[in-house]
Amino acid sequence: MNVFDQFIKHDLKVKYYARYTDDFIIVSEDKNYLEKLLLPIQLFLKEKLKLELHPSKVSIRKYHQGIDFLGYVALPHHIALRTKTKKRMMWKLKNKMTDYKNKKINEATLLATFQSYLGILSHANAYKLSQEIQNKFWFWLNE
């Protein structure tokens, strides 16, 4: 994907671009500029990398609506965790707790999962959610 990065930065001269594995975002104040980038990006991906943009995952949005990227939603003044990510996190943590109580996993594995989720929350403005998860975790552990 380095070839793609070079194309975006040097050939298209995109100023605000971020990529992680196969997810990327381009930020601009000009909607027309973003729309004009779509075709050259699609052609480059198809011809050089034999890849396609997923049609339902391409969107041009206003910044105040938030930028959905890697499980987070970046808003003008804070970063929130995507709702789907919150639900998945709670569901998986509850399942890990069940596995621990049924002796399918050990305490170290359970605590590693718990700490991993707290780490994910540390990258967002999620103090209340972090407290909620900690409270539920200790409640589930002691029930």
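Just so we're clear, the structure is a prediction, and the values are computed from it rather than from any experiment.
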Could you go through the side chain to side chain contact (heavy atoms under 4.5 Å, CB included) check for Asn125 and Leu75 one step at a time?
-> CA-CA 11 Å; Asn125 300 88; Leu75 294 153; over 6 Å; no
Shared hydrophobic cluster for [X] and [Y] (ILVMFWY, side-chain gaps under 4.5 Å):
X: Met89; Y: Phe69; answer: no
X: Trp140; Y: Leu111; answer: yes
X: Tyr17; Y: Leu38; answer: yes
X: Phe24; Y: Leu51; answer: yes
X: Val73; Y: Ile67; answer: no

Give me the atom names and distance for the closest heavy-atom approach of [X] to [Y].
X: Ile60; Y: Glu35; result: CD1-CG, 3.5 Å
X: Ala124; Y: Ala80; result: CB-C, 4.2 Å
X: Lys86; Y: Leu129; result: CG-CD2, 3.6 Å
X: Pro40; Y: Leu12; result: CB-CD2, 4.1 Å

Hey, what do you get for [atom1] ([X]) to [atom2] ([Y]), rounding to the nearest 0.5 Å?
X: Lys96; Y: Leu110; atom1: NZ; atom2: CG; value: 8.5 Å
X: Asp30; Y: Leu34; atom1: CG; atom2: CG; value: 7.0 Å
X: Leu37; Y: Asn32; atom1: CG; atom2: CG; value: 11.0 Å
X: Arg82; Y: Leu70; atom1: CZ; atom2: CG; value: 8.0 Å
X: Arg19; Y: Ile8; atom1: CZ; atom2: CD1; value: 10.0 Å
X: Gln131; Y: Leu121; atom1: CD; atom2: CG; value: 10.5 Å

Lys/Arg N to Asp/Glu carboxylate O, Lys136 vs Glu132, below 4.0 Å = yes
Are any of the side-chain nitrogens in Glu29 or Lys15 under 4.0 Å away from the carboxylate oxygens of its partner?
-> no
Considering only heavy atoms from C-beta outward, does the side chain of [X] approach that of [Y] to under 4.5 Å?
X: Lys92; Y: Thr113; result: no
X: Met1; Y: Leu49; result: yes
X: Tyr63; Y: Pro76; result: yes
X: Met90; Y: Ile133; result: yes
X: Ile41; Y: Phe4; result: yes

Can you establish whether the number of heavy atoms outside [X] located under 6.0 Å from its atom [atom1] is more than 12?
X: Lys48; atom1: NZ; result: no
X: Glu143; atom1: CD; result: yes
X: Lys9; atom1: NZ; result: yes

Report yes or no: does [X] contribute a side-chain atom to a donor-acceptor pair with the main-chain N or O of [Y] at less than 3.5 Å?
X: Tyr72; Y: Ile120; value: yes
X: Lys13; Y: His10; value: yes
X: Lys103; Y: Tyr100; value: no
X: Arg61; Y: Gly66; value: yes

Derivation of the side chain to side chain contact (heavy atoms under 4.5 Å, CB included) call for Thr83 and Lys87 = CA-CA 6 Å; Thr83 302; Lys87 289 178 182 177; 3.9 Å; yes
Short side-chain donor-acceptor distance under 3.5 Å, Gln6 and Asn2 =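 Yes, Gln6 and Asn2 have a side-chain donor paired with an acceptor closer than 3.5 Å.
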For Asn106 and Thr109, does a side-chain donor sit closer than 3.5 Å to a side-chain acceptor?
->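 There is such a pair (donor and acceptor under 3.5 Å, judged by atom type) between the side chains of Asn106 and Thr109.
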Would Phe137 and Tyr117 count as a close aromatic pair, with their ring centres under 6.0 Å?
->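 Here the rings of Tyr117 and Phe137 have centres that are no less than 6.0 Å from each other.
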Kindly assign one of parallel, tilted or perpendicular to the pair Phe44 and Phe7, based on the angle between their ring planes and the thresholds 30° and 60°.
->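 It falls in the parallel class, under 30°.
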